[in-house]
Amino acid sequence: MIGENNVVWNLHILGIVAVCTSAALAQSSPEVCDSDGGPEICARFDNVVTAPVEDTHFTFTFDGSGIPSVEFLLGDDGQGTTYQWRVWSKDGAGDPAEIGDIAGVGAEDYTVRILQPDDDPGATDVGSINLDPSAGANFTRVWDGHITGDIAGDLFLQAGNGTQNGRCSLLVDGDVVGAVSVPAPDGLEILGDVSGAVTASVTVFDLVIKGSIFGDVDLEDVAPSGFIQFGVGAVSCVGGGGWTGTSVFNPVTIGAVGENAQIWIVGHLQNDLTISGLHEGQLRVGGHIGNNGEAGGVIPVTISIADMSNGVPFPPTLVLLNYQSGVGTPCEFHGELDLLTGVPSLCEAVVAGELVSGSTIDLNAYDVDGALQHWGDGSGSIVNGGTVTQDGLVVLGDDWTGTATFTDVELGNSIDQGVIRTENKGDLDGTLHITGAMLGDISVVNNLNSTGTIDIDGECAGDIAVTYNSDGVIDISGTLAGDVRVGQFLTGEVAVTGGVSGDIDVDGDVASSAEINLGSYLRNGRILVDGLMDGFVAVKKGTTSLSQINLFGGVGPNGQVVINAGGGNDNADGDIWVGSTVTLPPLSPIDFDGCFQINDNAGAPRDYGHLNGDITVVGCHADGDKLPICVEGSTNGSISLIQSLCSPANATVDASCPACP
């Protein structure tokens, strides 16, 4: 993408040159040249045929080494002819040479080209460019130019009150060893470093600084389709906090960024970046953010976007941080991404590198209606998140160990709904906290590890899916009306404080360390375990007639299913199935070494803890031991053991209510 954009950029510059050159060739004056033992300096009018007069229209001066400077005395005072200047310096062979200073100080508007007559570069090095009229109402501009070396001082243009507003189209092959104050960069490209501040007080059209910037950067609005690039080339983030490539060392402030405009920091951002508005534009930051490596360690930075908005389907508004070309050590984000309006529809905010511990993405209580994505490892935090709307997408990193907090996840129509998922094959080792209702989708693409938590304070009518193993905690304080699915093994905990009307589905085993705790009723929901259930299932209250507990892989020695676990006034009205759904011989082997228990409320007589549903066990037990199924109340439903043609002898039910293991 960088290469493609540079092609567009270069074509844009060539287009400006072609227009300006055409105008120059159509009408120009004879050149006036002078020297003092050093390079020869020349000047002419580009737009009138009468030659300029030295000491009337301009002055040449020379220092002790014969280095020439020029000061323009006449440009456009609004009273007569508008004069447009061309200036250049050459050596004895006609090649570009050095110029001391280029200045214009009278109460005039100045337009200057720094090019030879054939549009070759106008100078090697220049001391300074200071087109600073004595009247604030006057504007100055560098219409075109090419300097093959450095600018040893400042580059200054004035905006004035004119419509041209201090525009600058200039190529500098070297450094600017000073400040750059250009009201409206429109093709300003500096291939080296800038030592001082960079200021654009009106509008940025095209501004490229390919070296490092050591001063503050303060830019006004970026025009639609405008382009800003700081730094150059592929970014390499090396281990131990170091880096290769260019850096922006001081704060950067930018106004509103117009439609299809682009801001690229192709390097390392070492200080704060503030953008007042990003409207259908793009911000891309390449390398480490806030990591100074060998230059002095970590200095956290804040990237603040006051207004991210999008009014049209294309192009999308994009914030892409830690973007790194090629492969290598991931770049790091140290600090805060402050999204003051959240992530609106059709907008996207991406942290591609590592969100290190202590770093945050702050949504300021606004919604995610577009996409908020983190692609790298993450031990930082997403804070103050509002609703993930039906069109919203949140992606947590490859290995998320931090904390992400949102108020709600919204359910949309049959196609769109809010989605929070981990990236690629990512694990969830940290915390995902929904303080309200979860009605959309949460997906852990790999594992929910032992330190991982999905914490939902309100109801969960959406789906939670863990592709492989769930060793952590899924804690739902409200009602579960959606599905919780674990693709392989459950060794952690699924805890639902409210009722369950959806499915808790484990494709693999439920390990002895695992718990499924329902703090209320299993209503019309299901607990489905395809593998061996060797953990603990506790339903604090009862199960309704529409509910099911299906343990297709059998029950291990530590497996327990307890209904009315709170000892309240509830019964088991739903069905429980253990073993294969195939009930004809030959039957598959079945493990049933744990126990089922339906608790009474310890009242007298036993007026609760009844089995009103059916318990069915299908398959051949390994031995003839009794199967502990304890119904403390009455068995009004049925307990069926389907074990036809099994050997050894069919097992029987131990209804004496022995203590569960």
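Since this is a predicted model, take the numbers as computed values, not measurements. No hydrogens, no waters, no symmetry mates; every other heavy atom, side chains included, goes into these values.
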Problem - Test: C630-C595 SG spacing under 2.5 Å - result: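 No, because the SG atoms of C630 and C595 are not under 2.5 Å apart, which misses the disulfide cut-off.
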Practice task
Step by step, work out the side chain to side chain donor-acceptor pair (under 3.5 Å) result for S359 and H334.
Solution key: CA-CA 6 Å; S359 298; H334 296 263; 5.0 Å; no
Would a 4.5 Å heavy-atom cut-off, applied to side chains only, mark [X] and [Y] as touching?
X	Y	result
V484	D505	no
L528	V506	no
L551	F596	yes
Q597	Q560	no
I420	V388	yes
L337	T360	no
D503	R485	no
D399	T401	yes

Practice task
For D471 and N447, run side chain to side chain contact (heavy atoms under 4.5 Å, CB included): C-alpha distance rounded to whole Å, both residues' side-chain angles, the deciding distance at 0.1 Å, then the answer.
Solution key: CA-CA 8 Å; D471 303 328; N447 301 307; 5.7 Å; no
Handout entry: Heavy-atom neighbours of F552 CZ exceed 12 at 6.0 Å
Key =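 Yes, the 6.0 Å shell around CZ holds more than 12 heavy atoms from other groups.
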Problem - Option passing side-chain contact (heavy atoms from CB on, under 4.5 Å) with V419 (candidates L393, D391, V368) - result: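 Single pass found, and it is L393.
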Practice task
Please determine which of T407, V383, V394, V343 meets the side-chain contact (heavy atoms from CB on, under 4.5 Å) test together with L363.
Solution key: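 It is V343; the other options fail the test.
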Exercise for the section: Provide the closest heavy-atom pair for V351 versus F333 in the form atom of the first, atom of the second, distance. Expected result: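 Here V351 and F333 meet closest at CG1-CB, 4.3 Å.
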Exercise for the section: Would you check if there is a donor-acceptor pair between the side chains of D457 and H433 at a distance under 3.5 Å? Expected result: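 Side chains of H433 and D457: pair found under 3.5 Å.
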Handout entry: T389 and D369: side chain donor to acceptor below 3.5 Å
Key =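 Result is yes, a qualifying pair exists.
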So, the side chain of [X] versus the backbone of [Y]: is there a donor-acceptor pair under 3.5 Å, distance only?
X	Y	value
T467	G487	no
Q488	G508	no
N612	A572	no

Exercise for the section: Give me the ring orientation class for Y608 and H610: parallel if the planes are under 30° apart, tilted from 30 to 60°, perpendicular past 60°. Expected result: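 Plane angle under 30°, so parallel.
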